[in-house]
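So you know, we letter chains A, B, ... as the sequences are listed, proteins then strands, and number each from 1.
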Number of protein chains: 2
Amino acid sequence: MSATLSRTETWSLLMTFGCSIAVLANTFQGEGAPVVASIAFSALAFSLTYAFVRWSGPSFAKAGMKGKDIGKLYPKELPEGMGSVAAAVFILVLMAFIPFAFYKDIVAATSGGGNRDVPSPPTFRESVDTGRFLHRFPHSKLSSYQSALNTLQATTILGLADDILDLRWRHKFFIPALASLPLLIVYYVDFGVTSVVVPNFLIRYMPRGARLINLGPFYYAYMAALSIFAPNSINIFAGINGIEVGQSLVVAALLVLNSSLYLVPFPGNPVLHSASTTPHPATDSHLLTLYILLPFIAVSIALYIHNRYPARVFVGDTYCYVAGMTFAVVAILSHFSKTLLLLLIPQIFNFVYSTPQLFKLIPCPRHRLPKFNARTGLREPSITPWEVGKQPKPYLIKIFSIMERLGLLQITRLVSGEAVPDVPHVKSNGMAHANGHTKSPSSSVISLSSLAVPARTPSPKPLSTTTKIGAQGKIVATSNLTIINLYLVHRGPLREDELTKELLIIQLVCGLAGLLIRHKLALFLFGMDNRPIGGVWSLV
Amino acid sequence: MSATLSRTETWSLLMTFGCSIAVLANTFQGEGAPVVASIAFSALAFSLTYAFVRWSGPSFAKAGMKGKDIGKLYPKELPEGMGSVAAAVFILVLMAFIPFAFYKDIVAATSGGGNRDVPSPPTFRESVDTGRFLHRFPHSKLSSYQSALNTLQATTILGLADDILDLRWRHKFFIPALASLPLLIVYYVDFGVTSVVVPNFLIRYMPRGARLINLGPFYYAYMAALSIFAPNSINIFAGINGIEVGQSLVVAALLVLNSSLYLVPFPGNPVLHSASTTPHPATDSHLLTLYILLPFIAVSIALYIHNRYPARVFVGDTYCYVAGMTFAVVAILSHFSKTLLLLLIPQIFNFVYSTPQLFKLIPCPRHRLPKFNARTGLREPSITPWEVGKQPKPYLIKIFSIMERLGLLQITRLVSGEAVPDVPHVKSNGMAHANGHTKSPSSSVISLSSLAVPARTPSPKPLSTTTKIGAQGKIVATSNLTIINLYLVHRGPLREDELTKELLIIQLVCGLAGLLIRHKLALFLFGMDNRPIGGVWSLV
């Protein structure tokens, strides 16, 4: 990758940059100005990320942050952890946006010109009474925004530590919960709502027919769990060019679509009917969501252009963590955590499906990304090898058979009489890295791709093909438990870019279905859709 | 350095850890509880930093973050950038402290149990009227705290980027200003005070005898400049074991002393007389200062123990930036930015004194730390070499002579007839790194210590001794423009630990004198000392 921008790129980016600045200079005033400012800042964020990713690539590689793209015929060393550039731009833009988001409030609270117009210094009594004469400023809104920023910054710091030091997953698993602390505190003092709505068909079983269950402290545990789950689930749904950024873009776009339903009335809108004249009561929350997601989408697109097949940079852990935490932050602040879970169905499936390997019930190789077949140029499911002398425990074999029958596992068994391949024992190290590449200071773990068919050698009988000869055949290999491998087991070998594209389409379709369920079926299940009914708010 | 803790260390740290947790579990309630909690959190932060610095050293070195301690007879490779561990612990502790700082307010605002006690869900009208029934919570206080956190986190991210990528100073110089944006915005909406008090002897020259000058937007520029200056000034007052952390500890301790004057009445206290019964109106601001500085001091002590002579780790840029920004943050939020400048006199001197090299008016070698003399084991001033064929420009020679006469520069001139040493031209790269060590992936810059007397060879005539033979002698070398070198020029060679100790004593004495000026002379200059006089607040 060249570290410089082409002339076309330079001029396009400069144009974008200039236009954004021009728009920003004119968006302090007026109705809807913050949204315009947010869009302009997003364009700015796009051009900055695009340029900085290109410029700083060599510095990252020089600092030892680089990795081999082992899914290619001629693996190249690419800069690693470039998502941290996107995360840094994202955070700086979120900071710079603060005065634009609150300009109207600042003007209202300070009568037009900060405190410069206050005719004479107030007396002690006066300033106590008026709380330093600025009590009208909506501090709770600023506080929400700041807590989102606090949490995202803490996540970035965690991600950088992980990208540099390669933390063990037991060291880092719970840190997102700590990072989400500012968020939860602001939630506590600002909303404090810990009740969930009871579905209609369950109301008859509730004491006194209650429509709400108060989860109390458990609701905070649930939100903390969400902020642990979202970053980690995106980080393990990885391994092929563009999948990390692609899935984040799809989820972010769907969240923007969801929030738009609360902001723009149009015919057929399940939330705001075209006839409605009053804004939805959750307008502020969903505006906040847009302010956070629009720049996120912008930096992600800039990163995606460099990370898509064939990748010129790797994104690293920082981006995955920040992406997941961004979703958790907006879901918590804007009260749609369950909607978010509907959009993360592939991630949830992948997480649950991965747990046997994550918790070492089954050995977990360091890299579980799909194997590159150098002969065909396609990706195939990667495997966990089993030595003939060291077969899985009997209960595991039973579970494997069930999973095989359910189509959830590919098992390779030994054809009797076949030469036993000398499968080395693969060291497990907890949370599998699936970032599509090995770190350059190569670890002691044996790469799985070297285990299978050697590159560019004709392979009449690839190891990963199922060769069933009855249950008595020893298990040589099982497919690794990731959604990407499972998809390949059923779909057959695919080229990397097609694989990414199809997985992203699945993500999109699942998400759209989720939104449909959320807005159409919620009416049947809960009898309301975030609309006040008798003073009670739905918190679906 | 062993990566494990000794048994004594383990038990002491576990004891500290356990005691802090025990104290924390009991400090939610009562008057002064947040201060107790802050002290307990600081003890916690100390033990965490101490252990993590020790444990993660090898990981840092393995990730390529290491450097040679060139000030020793047998230079060892030490882990570099370990201050980022201290910064991360500092930030996590500041986050975890939020509920403790605001517990009383949360209880007051939510009548004892969050919103769980609210008997029935409020109607829409009600929740609009009461701002979701929590308008009593002091959001502006939380907002101040959050903005401090935002700024410190952004600084940490900048520092990490610098530690990893070795940013050029023109790229990073202005980023602290962006990092301070959340702080300035909160300052704007919360205080908005941009007036400074006019000294008594100037009042007669003011229009209508005004006692305040309103600096308006310039006051914000001044605060942004402070947040650029403080981190960078600490980062360049560096180069010998323990000096970065040591100076930060001295400044932080003096700031705590200053804030204590506003909180604890005692006889002779220039701020709160022992007779005073009402708390000082700035109590909240100075409590906030303590909440931020106490954990900072704790993590710094833990780091200092590992960084003091002979160093076992290097602190890196992250720590220096975070330290400087911590001071800027508390000074801005608590309105004592001019007091802070009085405490940073050595840093200001060093910064001004360095500018000719920083701005490349004079060539600036990559490392300006004092030279290690292997024969004596002492540190001597380091030099900028001048080729005989490429002398400084005439105006520079004139300035050099003036500076020499003022005792601000050591000039080495050629004794006529002496063999001309083959001085290589030293490449300049802007902001000099003075961190006491070379980065392992060694740069193309020629080390100055190799330029001088070769190690362990008898040197009857060290190059750095001034050998005046009249103005016509060509200049061979000038001492580098740092306060450390200047001190050595006058004090003579010193062992590294003594040098650090004496510089820290200077810092302490300057700071104490500054505080004395601040609190004793302010009364004469301004006729008041942060006490209300006729409803006007002094903002010295």
Worksheet item: How close do B:Ile185 and A:Pro99 get, heavy atom to heavy atom, and via which atoms?
Response: CD1-CD, 3.4 Å
Discussion item. I need the full list of salt bridge (charged side-chain N to carboxylate O under 4.0 Å, His left out) pairs touching residues 140-155 of chain B, with sequence neighbours left out, sorted by first then second residue.
Written reply: B:Asp105-B:Lys141
Discussion item. Taking side chain as everything from C-beta outward and backbone as N, CA, C, O, which of these in B:Ala161 sits under 4.5 Å from a heavy atom of chain A? Side chain, backbone, both or neither.
Written reply: neither
Worksheet, complete the sentence: B:Ala96 and A:Leu181 have their tightest heavy-atom pair at CA-CD2, 3.4 Å
Fill in: Nearest-0.5 Å distance, CG of residue B:Leu165 to NZ of residue A:Lys62
9.5 Å
Worksheet entry | Contact class of B:Leu160 relative to chain A, heavy atoms under 4.5 angstrom | side chain
Discussion item. The criterion is ring-ring contact (aromatic ring centres under 6.0 Å, His included); which residues satisfy it with B:Phe90, sequence neighbours excluded?
Written reply: B:Phe296
Worksheet item: Measuring heavy-atom distances to chain B, does A:Leu178 have an atom under 4.5 Å in its side chain, in its backbone, in both, or in neither?
Response: both
Fill in: For the student: nearest non-hydrogen atoms of A:Met95 and B:Pro182, plus distance
CE-CG, 3.8 Å
Fill in: side chain to side chain donor-acceptor pair (under 3.5 Å) against B:Ser147, all qualifying residues, sequence neighbours excluded
none
Discussion item. Which one wins on heavy-atom pair count under 4.5 Å against chain B: A:Leu92, A:Val85, A:Ile91?
Written reply: A:Leu92
Worksheet item: How long is the gap from CG on A:Asn150 to OH on B:Tyr145, to the nearest 0.5 Å?
Response: 9.5 Å
Worksheet item: Within residues 151-159 of chain B, which positions have a heavy-atom distance to chain A below 4.5 Å?
Response: B:Gln153, B:Ala154, B:Thr156, B:Ile157
Worksheet item: A:Leu149 versus chain B, heavy atoms under 4.5 Å apart: side chain, backbone, both or neither?
Response: both
Worksheet, complete the sentence: Nearest heavy-atom approach of A:Leu142 to B:Ser143 is CD2-OG, 3.4 Å
